[in-house]
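Worksheet: one structure, shown below.
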Amino acid sequence: MSNSWYNRRQAGSRGLKTLLEAHARLGPIIRLGPQEVSVVSEEGLRKIYAAGLDKSSWYQKTFFLYGVQNLVSTLDHSTHAKNRRIVAGLYNKSYLQRCKNLASLSDHIVCSRLLPRLDFYSLNANTVNVMRLFACIGVDMITGHIFGAAYSTDLLADEAKGGEYIETCASGTEFKENYFEHIYRELLSTRGTQEELRVSPSAAETMYNGLASQRSAGYVADREIFAESASEMLDHIIATQETNTIIWTYICYRLSLHPQLQDRLRLELRTLEPRITNEITNLPSPASLEKLPLLDAIVQETLRLHAANPARMPRVAPTGGMTLHGYDIPAGTIVSTNAYCLHRNPDVFPEPLEWRPERWMPHRPEEKLDGPDLPRMKKWLWAFGSGARNCIGQHFAIQTIKLVVAAIYTTHTTLIVNDEGIEQSDSYNSGPIGGKLILRFEHLKDTPEC
Ligand code: HEM
C-alpha cells in the first residue's frame, strides 16, 4: 500500500474532504499509507496529544525563521519545554486581562484607528476587503504586545502602508524577517533606557533575556540568541496575522448573512460598561467581554465550522509502538488527528455543517429541554490543538477577536458586497480561497432602540 492515493487528493485540494468521507465510512481510525494513520476520536486525542508524542519532522521544514527553529517547530521535548516556559506567562489569560500595555494598545487601535476608519467607510459608502483590514489590526496588536506599544506597527493608521505590507508579505518570509529584524534591533538597542519597558519588559526582551540566561556565563554569541528570539517573535506575528484574520473574516461573513443575529448581539454588547461609541477612548474590560454568552457562542461556533488550522497535526508513534483502537501501531508511524473531522462529528455537533452559535448556549432550566452536552463539545473543539503543544496564543487570540467584534457590531452593521471564493482552502492556514471578503459598513446611531 502506498500513500499516493491520499497525496493525489491532497494535491487536488480534496485532502480534508477525503479524510471526512473515509472516517464516516470506515470509523475512527484509517490507514493513509504504509506508515501513516489518521484517528478521529477521544482515544486519539488522549493517546497522541495528551500523552505528548513527538512532532513529526514536517514542522521543522515548515516553520523555520531566521535560519533557526521556534516553539512550533522544535521537535525535542526538553528544549521546547524550556523555551515555552520563558514566554508562557505573557500569554496566560489572567496576565492578558490585567496587562496595562495590552489594554492601552487595544484602546488606541480600536478607538483611535479602527472606529474612525469604519465611520469613514460608512460615510463614503466605501466597500472594504476585510481580510486586509483584519490582517493590519492583527499585526498592530501582536507587535504592540511583543515589542511594546512604542515599537508596534501602525498598519491600520495608514491604508497605503498597510496595503503595501500585506501585498509584500505574499512574496515570502524574507520580507517579514527583514521588516521585523529592524524593529527588534531598535528595541534591543534602547533596552533598559525606557521607563515603561524597565517596569514591564516586552515579550521580545523577555524571550531574548530568557534565552541568554540559559547560556553558560561568558557566552557572547548574540547573533544566535537574537536569531532564536526573533524566530519566536516572528512566528507569533505570523500566527496572529493569519489565524486571527481568518476567524475575524468568517465571523463577519456569518453575521452579515444573519442581520437579526447582529441585532441580538448588539443588544448584548450594549450592556457593556463603558458602552462602546465613537467617542469613547477606553474599551470595556476583557473580563466583562468574556461574560457575554452570545458573543462567546459566535466565536466558538466560528472556530468550529471555520477552524483556521483544520489540517492534520502529525506526531510520531514512540519507541516500542502504541495501540490505537485495538490496532498495534509500530514505532515511527505518523499518527494524527485534525480539527476538520473532529468538528464535523454529528454525534457531538448535530447538523455539523450548519453555523449555529446557539448550540454553545446552555438552555435555561425553565425551558425543560435537554441542553447541549457542553463538556463533550468543548473536548471535541480542537481549534487550538491540545496537550503540551497546544496554541500558546489562544487567550490572546480570543481576547483580541472579541474586542474587535464587539467594537464593530456595537457601532455598525455589515453587509456582503462580494463573497466570491469564500470557501476555505484545504491547507494548514485555511482562509478563503478567493483571498477576500468585501463588505460594506453602515454606521448606527447610538440610541437605545438601535
Ligand atoms: C484564532 C487564532 C489561532 C488559532 C486558530 C491557532 C491555532 C493553533 C494550533 C492548532 C496550534 C497547534 C499546532 C500543532 O499542534 O501542530 C497552535 C500552536 C501555536 N500557536 Fe496558535 N493559533 C491562533 C493564534 C495564535 C496567536 C495569536 C499566537 C501568538 C502568540 C499563536 C502562537 C502559536 C504558537 C507559538 C504555537 C506553538 C506552541 C508550541 O508548540 O508550544 N497562535 N496554534
Side-chain angles (χ1 to χ4, degrees), residues 45 48-50 52-60 62-63 65 69-93 95-96 102 134-135 137-147 202-204 206-207 229 231-251 299-300 302-316 334-340 342-343 381-405 424 428-431:
L45 290 179
I48 301 172
Y49 300 92
L53 299 194
D54 283 342
K55 282 187 163 181
S56 80
S57 56
W58 174 80
Y59 286 90
Q60 270 186 328
T62 314
F63 300 92
L65 298 165
Q69 305 299 341
N70 42 54
L71 280 184
V72 74
S73 60
T74 301
L75 304 188
D76 162 57
H77 263 304
S78 65
T79 312
H80 170 265
K82 236 173 16 188
N83 290 350
R84 183 154 167 146
R85 268 197 299 275
I86 299 175
V87 277
L90 301 161
Y91 288 103
N92 155 313
K93 183 157 126 185
Y95 173 78
L96 290 170
L102 185 57
F134 291 140
I137 300 176
V139 176
D140 286 354
M141 283 195 162
I142 188 70
T143 52
H145 183 59
I146 64 184
F147 296 130
S202 65
T206 307
M207 190 75 210
S229 52
S231 173
E232 190 57 47
M233 295 303 108
L234 181 53
D235 182 56
H236 297 193
I237 296 168
I238 297 173
T240 314
Q241 179 177 337
E242 294 183 348
T243 51
N244 268 36
T245 297
I246 294 171
I247 300 303
W248 273 319
T249 301
Y250 282 106
I251 289 177
V299 174
Q300 302 300 327
T302 308
L303 286 166
R304 182 191 71 81
L305 190 60
H306 297 293
N309 302 125
R312 287 169 298 155
M313 304 280 161
R315 304 294 193 258
V316 185
I334 303 295
V335 288
S336 69
T337 192
N338 65 86
Y340 189 84
L342 288 165
H343 293 180
L381 184 72
W382 211 59
F384 295 109
S386 57
R389 309 299 299 257
N390 72 353
C391 177
I392 202 172
Q394 59 184 294
H395 300 299
F396 181 86
I398 299 277
Q399 180 168 320
T400 50
I401 286 170
K402 285 187 174 176
L403 213 54
V404 168
V405 171
Q424 281 183 271
Y428 188 80
N429 284 323
S430 173

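Residues take their numbers from the sequence shown, with the count starting at 1. For the numbers below, each heavy atom of this structure counts, side chains included, while hydrogens, waters and symmetry mates do not. Source: prediction; values computed, not measured. We count ligands from 1, going down the list as the structure has it; atoms in each ligand are counted the same way.
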To the nearest 0.1 Å, how far is [atom] from its closest protein heavy atom, and which atom is that?
atom                    : result
atom 16 (O) of ligand 1 : Tyr59 OH, 2.4 Å
atom 1 (C) of ligand 1  : Ile247 CG1, 3.7 Å
atom 41 (O) of ligand 1 : His80 NE2, 2.6 Å
atom 14 (C) of ligand 1 : Met313 SD, 3.4 Å

Task: Partners passing ring pair (Phe, Tyr, Trp, His ring centres under 6.0 Å) against His343 (at least two apart in sequence or in another chain) - done: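 Ring pair (Phe, Tyr, Trp, His ring centres under 6.0 Å) check on His343 returns nothing, list empty.
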Open item on the list: Going by ring pair (Phe, Tyr, Trp, His ring centres under 6.0 Å), name the residues that satisfy it together with Phe396, two or more places apart in sequence or in a different chain.
Closed with: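 Residues passing ring pair (Phe, Tyr, Trp, His ring centres under 6.0 Å) with Phe396: His145.
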Does a side chain donor of either [X] or [Y] reach within less than 3.5 Å of an acceptor in the other side chain?
X      : Y      : answer
Tyr91  : Arg84  : no
Glu232 : His236 : yes
Asp54  : His77  : yes
Asn244 : Thr400 : yes

Open item on the list: Using the rule given for side-chain contact (heavy atoms from CB on, under 4.5 Å), can you reason through Val335 versus Val316, listing the C-alpha separation, both sets of side-chain angles and the distance that settles it, and then say yes or no?
Closed with: CA-CA 6 Å; Val335 288; Val316 185; over 6 Å; no
Using a 4.0 Å cutoff against the non-hydrogen atoms of [X], which atoms of ligand 1 qualify?
X      : value
Tyr428 : 13 (C), 16 (O)
His236 : 29 (C), 30 (C), 35 (C)
Phe396 : 27 (C)

Taking N or O atoms only and a 3.5 Å limit, does [X] qualify as a polar contact for ligand 1?
X      : value
Thr240 : no
Arg389 : yes
Glu232 : no

Tell me the contacting part of [X] for ligand 1: side chain, backbone, both, or neither, using a 4.0 Å heavy-atom threshold, strictly below.
X      : result
Asp235 : side chain
Tyr91  : side chain
Trp382 : neither

- [ ] Go through the structure and list residues passing side-chain hydrogen bond (donor to acceptor under 3.5 Å, both in side chains) with Lys402, not counting sequence neighbours.
- [x]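 Per chain and number, Lys402 pairs via side-chain hydrogen bond (donor to acceptor under 3.5 Å, both in side chains) with Asp296.
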- [ ] Look at ligand 1 and say whether Arg315 reaches it with a heavy atom at a distance under 4.0 Å.
- [x]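 Yes.
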TODO: First locate atom CD of Gln69, then atom CG of Asp235, and finally report the distance between them rounded to the nearest 0.5 Å.
DONE: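 Going from the CD atom of Gln69 to the CG atom of Asp235 covers 10.5 Å.
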Task: Approximate separation, where rounding is to 0.5 Å, of Gln394 CD and Thr243 OG1 - done: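 So the CD of Gln394 and the OG1 of Thr243 are separated by 11.5 Å.
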Task: Criterion side-chain contact (heavy atoms from CB on, under 4.5 Å) on Val405 and Val299, from CA distance to verdict - done: CA-CA 9 Å; Val405 171; Val299 174; 5.7 Å; no
Open item on the list: Given 3.5 Å as the limit, does a donor-acceptor pair link the side chain of Glu242 with the main chain of Asn429, or not?
Closed with: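 Side chain of Glu242 to backbone of Asn429: no pair is present.
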- [ ] Compare Ser56, Gly387, Ala383, Pro314 and give the one whose heavy atom is closest to atom 5 (C) of ligand 1.
- [x]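 Result: the heavy atom closest to atom 5 (C) of ligand 1 is in Ala383.
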TODO: Compare all side-chain heavy atoms of His80 with those of Leu71 and state whether any distance is below 4.5 angstrom.
DONE: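 His80 reaches Leu71 side chain to side chain.
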Open item on the list: At less than 2.8 Å, how many protein N/O/S atoms surround atom 21 (Fe) of ligand 1? Leave waters out.
Closed with: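 Count of protein N, O, S atoms less than 2.8 Å from atom 21 (Fe) of ligand 1: 1.
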